[in-house]
Amino acid sequence: MNDKSPSVGELFKANVVTHDDMNALIDAVLAGRMNVREELAEGYTLDVAAAVKANAFATAVLRDKTSTTGARRAAARTAILLARTRKA
């Protein structure tokens, strides 16, 4: 991805990505719907699977069947916030 593109966290801080958007992305990860590109506000997209795979911690937590729901949500949230977006 383009290094100049903003991260989801940057868009979240700027109120471009809302809490509802974040919760929808996290819910998609936890439900296993990571094979899609999610559209974010202002014409940005996020490859959800790539975001999670790029974060070794999130991948490990999500693969661990003994991880609590809270830990899984936090790991997915972290991976998503750190991920770079792409301009659509």
Side-chain angles (χ1 to χ4, degrees):
M1 289 189 194
N2 183 352
D3 287 340
K4 293 184 181 188
S5 62
S7 69
V8 176
E10 292 166 338
L11 293 176
F12 185 72
K13 273 185 177 177
N15 293 318
V16 173
V17 173
T18 66
H19 287 280
D20 289 341
D21 295 332
M22 282 299 302
N23 287 329
L25 291 169
I26 294 165
D27 291 343
V29 170
L30 297 182
R33 296 187 319 263
M34 297 191 306
N35 58 346
V36 295
R37 253 184 221 285
E38 291 291 330
E39 291 231 5
L40 304 172
E42 296 189 12
Y44 290 100
T45 62
L46 175 68
D47 183 337
V48 179
V52 172
K53 288 177 185 174
N55 188 294
F57 174 73
T59 301
V61 170
L62 292 170
R63 283 189 181 159
D64 183 354
K65 300 298 181 197
T66 64
S67 295
T68 65
T69 302
R72 296 168 64 78
R73 288 190 72 78
R77 179 181 173 82
T78 299
I80 291 166
L81 286 171
L82 293 173
R84 292 275 170 201
T85 60
R86 182 172 281 197
K87 195 75 167 157

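Small disclaimer: the values here were computed from a predicted structure and weren't measured.
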Linked, directly or transitively: Val29 and Val61 (ILVMFWY side chains, under 4.5 Å):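 Per the 4.5 Å side-chain linkage, Val29 and Val61 are not co-clustered.
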Is there side-chain contact between [X] and [Y], with at least one heavy-atom pair below 4.5 Å?
X     : Y     : value
Met22 : Leu81 : yes
Arg77 : Val8  : no
Ile26 : Ile80 : yes

What pair of heavy atoms forms the shortest contact from [X] to [Y], and how long is it?
X     : Y     : answer
Ala83 : Leu46 : CB-CD1, 3.6 Å
Leu30 : Arg73 : CD1-CG, 3.3 Å
Ala58 : Ala79 : CB-CB, 3.7 Å
Leu62 : Arg72 : O-NH1, 2.7 Å

Atom NZ of Lys53: over 12 foreign heavy atoms under 6.0 Å: no
Glu39 CD: over 12 foreign heavy atoms closer than 6.0 Å: no
Would you say [X]'s side chain and [Y]'s backbone share a donor-acceptor pair under 3.5 angstrom?
X     : Y     : value
Asp64 : Ala60 : no
Asp27 : Ala24 : no
Thr59 : Val52 : yes

With rounding to the nearest 0.5 angstrom, report the [atom1] to [atom2] distance, [X] to [Y].
X     : Y     : atom1 : atom2 : answer
Phe12 : Leu25 : CZ    : CG    : 11.0 Å
Lys87 : Tyr44 : NZ    : OH    : 4.0 Å
Lys4  : Arg84 : NZ    : CZ    : 12.0 Å

Partner of Ser5 under side-chain contact (heavy atoms from CB on, under 4.5 Å), chosen from Leu11, Thr85, Thr45: Thr85
